[in-house]
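In what follows, a single structure is set out as structure tokens and then discussed.
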Amino acid sequence: MEPYIPHTDQDLKEMLETIDVENVESLFSTIPSEKVINSIDLPNGMDEFNVLSKLRKMALTNASADKYAFFIGGGIYNHVIPSAVNQIASRGDFYTAYTPYQAEVSQGTLQSLFEFQTMICEITGMGIANASMYDGASSLAEAVLMASRYTQKYRMLVADTIHPEYIETVKTYVAGPKIEIEKISHDSDGKISLKDLKSKIDDKTSCVVVQYPNFYGVIEDLKSIRGISKDVILIVVSNPISLGILEAPGKLGADVVVGDGQTLGISMNFGGPSFGFFAIREDTKFVRTMPGRIIGETVDVDGKRGFVMTLQAREQHIRREKATSNICSNHALGTLYASIYLSLVGPKGLKEIGELNISKSHYLLKRLEKTGHFVRAFSGEFFNEFVVKTDLDISKMKKVLFKNGIIGPLDLSKANDSMKGHVLFCATESNTSEEIEKLISVLEVM
Amino acid sequence: MEPYIPHTDQDLKEMLETIDVENVESLFSTIPSEKVINSIDLPNGMDEFNVLSKLRKMALTNASADKYAFFIGGGIYNHVIPSAVNQIASRGDFYTAYTPYQAEVSQGTLQSLFEFQTMICEITGMGIANASMYDGASSLAEAVLMASRYTQKYRMLVADTIHPEYIETVKTYVAGPKIEIEKISHDSDGKISLKDLKSKIDDKTSCVVVQYPNFYGVIEDLKSIRGISKDVILIVVSNPISLGILEAPGKLGADVVVGDGQTLGISMNFGGPSFGFFAIREDTKFVRTMPGRIIGETVDVDGKRGFVMTLQAREQHIRREKATSNICSNHALGTLYASIYLSLVGPKGLKEIGELNISKSHYLLKRLEKTGHFVRAFSGEFFNEFVVKTDLDISKMKKVLFKNGIIGPLDLSKANDSMKGHVLFCATESNTSEEIEKLISVLEVM
Amino acid sequence: MELIFEISTAGRRGFIPPKLDVDSYNLSDEFKRAVPPKLPELTEGDVVRHYTNLSRLNYAVDIGFYPLGSCTMKYNPKLNESAAAFDGFSKIHPYQDENTVQGALELMYNLQEALKIMSGMDAMTLQPAAGAHGEYTGVAVIRAYHEHKKDFERDEMIIPDSAHGTNPATATMNGYKAIEIKSDKNGMVDIDELKKIVNPHTAGIMLTNPNTLGLFDENVLQISKIIHDAGGLLYYDGANFNAIMGKARPGDLGFDVVHFNLHKTFSTPHGMGGPGAGPIGVKKFLESFLPVPTVGKKDEKYFLDYSHKNTIGRVRSFYGNFSVLVRAYAYILTMGGDGLKRASEMAVLNANYLRAKISKTLEVPYDTKPCMHEFVATTEPLLGYGVKALDFVKRMLDYGVHPPTVYFPLIVHEDLMIEPTETESKMTLDKFVEIVEKIAKEAKENPKLLQEAPHITPVRRLDDVRAAKQLILRWK
Amino acid sequence: MELIFEISTAGRRGFIPPKLDVDSYNLSDEFKRAVPPKLPELTEGDVVRHYTNLSRLNYAVDIGFYPLGSCTMKYNPKLNESAAAFDGFSKIHPYQDENTVQGALELMYNLQEALKIMSGMDAMTLQPAAGAHGEYTGVAVIRAYHEHKKDFERDEMIIPDSAHGTNPATATMNGYKAIEIKSDKNGMVDIDELKKIVNPHTAGIMLTNPNTLGLFDENVLQISKIIHDAGGLLYYDGANFNAIMGKARPGDLGFDVVHFNLHKTFSTPHGMGGPGAGPIGVKKFLESFLPVPTVGKKDEKYFLDYSHKNTIGRVRSFYGNFSVLVRAYAYILTMGGDGLKRASEMAVLNANYLRAKISKTLEVPYDTKPCMHEFVATTEPLLGYGVKALDFVKRMLDYGVHPPTVYFPLIVHEDLMIEPTETESKMTLDKFVEIVEKIAKEAKENPKLLQEAPHITPVRRLDDVRAAKQLILRWK
Ligand SMILES: Cc1ncc(COP(=O)(O)O)c(C=O)c1O
Ligand SMILES: Cc1ncc(COP(=O)(O)O)c(C=O)c1O
């Protein structure tokens, strides 16, 4: 404890004198005395060496990607992260700053967020982006609330090809404002049923939500979906790293694009933190219903360019119960990782990484099919993950793979009865051909 | 390669046009054409992911202190390093700067070096310190050259209890200026023989060199040594981390104190880099014969305090063949680690760490003796390492210990016939009692 | 500084992905992106320089004193960063089998337990990603509880006028009407008012205690009784938990739901505005409503517990901001029970010391009793010199300290909300007082100096109005 | 900024060592330190702030253009830092058994091999800790060689007047007389002079090629012949190796000993002035004189080779600056043979481009032939305006770039020695040219602006004379 608390006995004495109290305890006199406690029932403090030893031991019991090959996705992915990303983002000047309330001494934060907003607009093909939300799922939930706020309609349609945890999150969020939620089924190609969608859209519908690529890895046909859902808000959940090769949702008619930014240079971190991104079409009315911080360009008194938080009248600290969201701290640091990542890889790198992912996953599928144990579940085109049906005992298979240094695939059978015997495999640019061969060789002898 | 070289084809074209040459090759026309080569016989460049994979594999074949218990010293030690040390020292603002030739934009470097000089003076008890040398051994070599330069005498005495590699280094360095080197033997307590010293000092002697604590861990009696070596320069090699509890050499009469700074917050790094420190008694004539950069305080044109490299007239870039040394780049980054380390631990921490080391090493000795396999070799007081004679087969013992996750001790038998059957054990504050018990339990059954 | 897009040159690269070592797959044109995104094209060196230079424009806890009220800008220990960076924590996937992540689950379990102990609550979820997210989750639990009891008419959430904006916003998001309750002249919830306000529609009250004035609401037990008697529940906004560790537990004070701001109380870095973590704790009778999963332990094995039968569902994907949790847990281990208590004591001591010193220069309302970890001062008397609180704090930037929070809580005019935290030394506080004194003097002698401040920052006073009018939200 | 000692408060702590978990040992008083060292007493937070703020006063490669001639301030890739930080590299002890550090030895072996290939030398040691240390080692090898041949009268080392100061200083440290040889009007070693100077006392020549004017000495083969015929050896100062990778090899040019500056050519960070690494390579006939140990390989096992029978001994402890070697090796892997060649090409292209542009503003001597990786310009004509080279470069600080080297080499008056390196873009060079043009104009129109520069740096022009007179070398 001591290394963080500076008070010496001498300090204490002088300070108490200044306040004119006898002791520190007396400063707590406003707490009802019958409720005052005197200690916390936790062990005493430990020194750094022993804390780190203890934590290192815990960390070492986890099977991590520096030692295992990961063929698992489903929302979090093992991508290659350039060393420069972590090294720059771990500058205390960034990570020990807070929300840039004082713009004049926060231009580092503000400019980087402004650049981030631009990059998100560029990769999604949208006009306006905010400075981040918590994660992909909560971004989606806020997008759905925004759609109802904007349209004043309280019925939404959600593709059942969306990440199940995203749907669960949305369900929680729509309970308060009582938005009705209806699912759209999918066809055998793994894309949502356009027929089902068409039949369910009505004039009470605020929005349609689809994922691109979807939870099963399949690339939805956004153009046709847009064509059907003319007068509703089309919300697209997307994996940004796929957008180096896939057409931008904004170009295909999305009104809102949200998603999780983990794939842009952020470690898997057991699922968090990453950040949610949130982009809308260019529309100055729409933007006023948007949640979250937004950074804008302006000038200082000398006419010099600078950046500030803007449109704050939407936010909780000003609008309180009428705010567009309750979000306060967002996930700004994650956006810094993403900005550095995207600056390093550039348009060409992002494209190449997309190509690597799609090539590796398709090669993996081909090799899996050859083993005779796996059949492709959906015929639709996919990006870096795909569903296969297997005749193997899934949990046994996973155990054997683990013994051979392999983590994955994701077992879908538990989540959903219709998915019995199905697994979701993922391959990214981090999976070498040796890893794939290793995986196949283990499966071949099962 | 590409991520570090910015030239696009367009750049190239424009630049060649500006220079008015056809191609890049023609810029190399001054190299004798018969000697021009066209390629380097090395593999082509690799991407970051594969470079790091390859290097990680190499690193993983090494038995490192995050997985093994280290009971080995002999010049490099496994100490606890506060996290803050690496995290601050790895700021690019520090480590990608160079020698502060432009003081006005290098005050970070200069002030930290000035503070470092102060800290070295404080722990050694000396008056003046420079801004670092390469390592302990080369510092000592330069100290010896300085002694001859100052005294114009060319005979030196060196204790045979000094680290053998330091002696070897000194031997190399005195060959050029033809300084005669003579060894002082040691007594059964592991300290140098005062009798031998007395008998060998003469009026041609420039300096006497001893180590404190010495290579065998034993604490030399500096006061008596000083008493005998009245008119020569007394050079003391010291381990700075011991000086939290041991009397400062400066207080015991040292004229020069040098040593290796690795113990002050620097990883073992397979032996390098660390840095050498170099301190002398307060003496404005002596300082002008000192090697290395020295930082001094001054003011700017507005009277504001600032720091610069000073006394540069001693140095190679000004004095050339008459310089006090050829040293140019020193090991400034190492001094930053040390400065941060010493600022964190403070006087109390340094004392406690000293006490931990001495207690652990004495406890280890006691436990080793109890096994019946080890007998203390020297009776002199020691700090964190000590020599024992063993009846065990040393290389077999080390192999068994390694299998049990233990590295060490240092086998002294190879270096020196008189040291047959002797090993040097070391224990620091990083060795937990569990590690010691583990070590003992393995030895007990041998 | 130039924007990163403005230093881009077509054709440059900052990172080379691995080479393709399997068959190349040719995506059909119908899916292919037509126009590549206009991302910057730079070398690694360009990128490193750009962000390194940007970072040097920032103020941060690592730079200096940051007494931003309500935000608990305490020092963020470096050992926490070391721990979070361990491969075994940072390179694990949320969907790998439980037996391959026992260490991670153990850490989460231990953290849940520690937070339960500190707060006096019975069950805990680590899922929420920030304080406001915790609020959202907690109020959703309250709503689910009432609805579970078929108590559908409760549609009002009582919130003091001193509350943080996230409280009323949270209520709204959960479908509640936010009912504002006035503070009395001592800055406490007005008990008479409260008695009037409660009714069968009352779902609960959201209370911050110590409140945003830095005062501990002495009537908390009475408030608890009034709300509970009316069938409502008590929500504890734990943003100010740094004031009471080892001194009081919300659970003992009658609260049913509490959120923590790990990034405030438990020293995890604020990351330019997040990520945080906002775990919530609840009393036993609310446990079954918690979002899933929480972390359980059985036969020395840790597991993800999806069994909460009345769960509100999820408020996000996966299990929470794990690497933030690692840091908070490292902090708790380092501080220990004794250290955490001392943290609160010294935080409160610092605030009272600073209040005593500053009250000689600025007006400090509500100063009859000790404050807790923060306090509010006002520059209202300086309005006469044409100096607003904003001017006052902008001038602080010239002196190299970060200003306090301004214009919040709303019930004090021209206020500065000052939270020193326990990691600041007397020396730092004394220097801050000197600066405040200097500026107060300047305000009277040379108000222009403040009105035109800051003068020596990387940019000077920025035009907020223009930003909101001529919306430029991206580079083009 | 305050000194760290000035913010210290007795009793504060920034780090708590582990608790003693064995019997405590009581050191007898005779050994005990009487007065504790006056180290600062601070919290971790104080220390972090102090050094973070200090760091922001520094210019660095990560901040901007750093064309410091002769120092090759190229970009230092971050992947190298990642590699050096691997536990398996950073937490190993030099005395652990060889079989427990095979990866480390393999890396060193591979690096030796790569450097041999690039330089055309036959044997390599990685032991020297910097360039000057490499020089020392190399000249010691030369001395040992002559002495081994009982050739004791060779006591002269020839060194061009354009040489870096470390060259003559090295000669002296090795007991040689440094014999200066003039440069001819083209900046080359004056061959006629050389012929006169060589004699039976000649131990060798130390040559930098390209030399410190950035010019490749076209007579190198002739020089080699003259020296070798006289019984001397050729030492190659490889500080400028960045100019010729994949273009020429010192071994082919007649050099017997060569040192590398890994921190220059191979991108390892300069660390505010080191650590560097200065490996040396020698021809076969000198191998037995190398310091011990080098790294050998036998039956797929790597080992420390102590077998050099005429070894000069050691020049330091252990095996060299290992973690610097890791970075250099990572760089070589990343660049590859093709990339290293391209690095030299682009370094030379950049220098020639910059020279062409700058020659429109400043005088550039020796410009009849292409330069290599750097060039020298002079501000001598500005002396008429009262402007010295020093004034000129101090003004650069106001424009946010690091100045070139000044007043070296000694043979050009008022010179700026400019080395852009290959990692800088045309955009950066063009901006630099603009700055030079602006300052040249200012020099004529408003020389005071330069004489009093810098104006906007953390401190302004510092008083060197005072520093050397009123020696204050430590805080008290
Ligand atoms: C009193 C109070 N409640 C809630 C919050 C919201 O916390 P967060 O920003 O983590 O969402 C804050 C944050 O400033 C606060 O001060
Ligand atoms: C030409 C030349 N030789 C030798 C050296 C010395 O190298 P180091 O500073 O690494 O000792 C330098 C360094 O500046 C140099 O430029």
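Quick note on labels: first sequence line is chain A, next is B, and so on, each numbered from 1.
- Only the side chain of A/H362 comes within contact range of chain C, judged by heavy atoms closer than 4.5 Å.
- A donor and an acceptor atom, one from each side chain of A/T169 and C/R316, are nowhere located under 3.5 Å apart.
- Annotation: maximal heavy-atom pairing with chain C below 4.5 Å, among A/L145, A/L350, A/V24, occurs at A/V24.
- Both the backbone and the side chain of A/Y98 come within contact range of chain C, judged by heavy atoms closer than 4.5 Å.
- Heavy atoms of C/L471 lying under 4.5 Å from chain A belong exclusively to its side chain.
- Looking at A/F270, both its backbone and its side chain come within 4.5 Å of chain C, counting heavy atoms on both sides.
- In this structure, A/D93 CG and A/I88 CD1 are separated by 12.0 Å, a value rounded to the nearest 0.5 Å.
- Proximity to chain C is absent for every atom of A/V21, based on heavy atoms less than 4.5 angstrom apart.
- Both the backbone and the side chain of A/A175 come within contact range of chain C, with heavy atoms under 4.5 Å apart.
- The contact between C/P18 and chain A is made by backbone and side chain atoms together, counting heavy-atom distances below 4.5 Å.
- Contacts between C/M1 and chain A at a heavy-atom distance below 4.5 Å involve backbone atoms as well as side-chain atoms.
- Using cut-offs of 30° and 60° for the angle between ring planes, the C/W475 and C/F5 rings count as parallel.
- Proximity of a side-chain donor or acceptor of C/H133 to a complementary backbone N or O of C/V315 within less than 3.5 Å is detected.
- Under the ring pair (Phe, Tyr, Trp, His ring centres under 6.0 Å) criterion, A/F114 pairs with A/F307, not counting sequence neighbours.
- For a residue to count as touching a neighbouring chain, one of its non-hydrogen atoms must lie under 4.5 Å from one of that chain's; by this rule A/K171 does not touch chain C.
- Residue contact with chain C, scored on non-hydrogen atoms closer than 4.5 Å, involves the backbone and the side chain of A/A248 alike.
- With chain C as partner, the option from A/L333, A/N62, A/T99 having the largest number of non-hydrogen pairs under 4.5 angstrom is A/N62.
- Interface residue C/I332: only side-chain heavy atoms are found under 4.5 Å from chain A.
- Put simply, of C/E345, C/R56, C/E41, the one with the most heavy-atom pairs under 4.5 Å next to chain A is C/E345.
- Counting heavy-atom pairs closer than 4.5 Å to chain C, the top residue among A/I76, A/L42, A/T61 is A/I76.
- A/R319 and A/E315 are not joined by a salt bridge, as no carboxylate oxygen comes within less than 4.0 angstrom of a charged side-chain nitrogen.
- Using modelled atom types and a 3.5 Å distance limit, the side chains of A/T109 and C/N58 yield a donor-acceptor pair.
- Scored by the side chain to side chain donor-acceptor pair (under 3.5 Å) test, C/S323 finds C/R327 as partners (sequence neighbours excluded).
- Interface remark: C/D97 contributes side-chain atoms only to the contact with chain A (heavy atom separation under 4.5 Å).
- A salt bridge links C/K426 to A/E14: at least one charged side-chain nitrogen sits closer than 4.0 Å to a carboxylate oxygen.
- Contacts of C/L221 with chain A are made by side-chain atoms alone, with heavy-atom separations under 4.5 Å and no backbone atom involved.
- In terms of non-hydrogen atom pairs under 4.5 Å with chain C, the most contact-rich of A/V301, A/I40, A/L356, A/D300 is A/D300.
- The contact between C/R461 and chain A is made by backbone and side chain atoms together, counting heavy-atom distances below 4.5 Å.
- Your options are C/T457, C/T172, C/N174, C/D87, and the one with the most heavy-atom pairs under 4.5 Å with chain A is C/D87.
- Interface remark: A/K35 contributes backbone and side-chain atoms alike to the contact with chain C (heavy atom separation under 4.5 Å).
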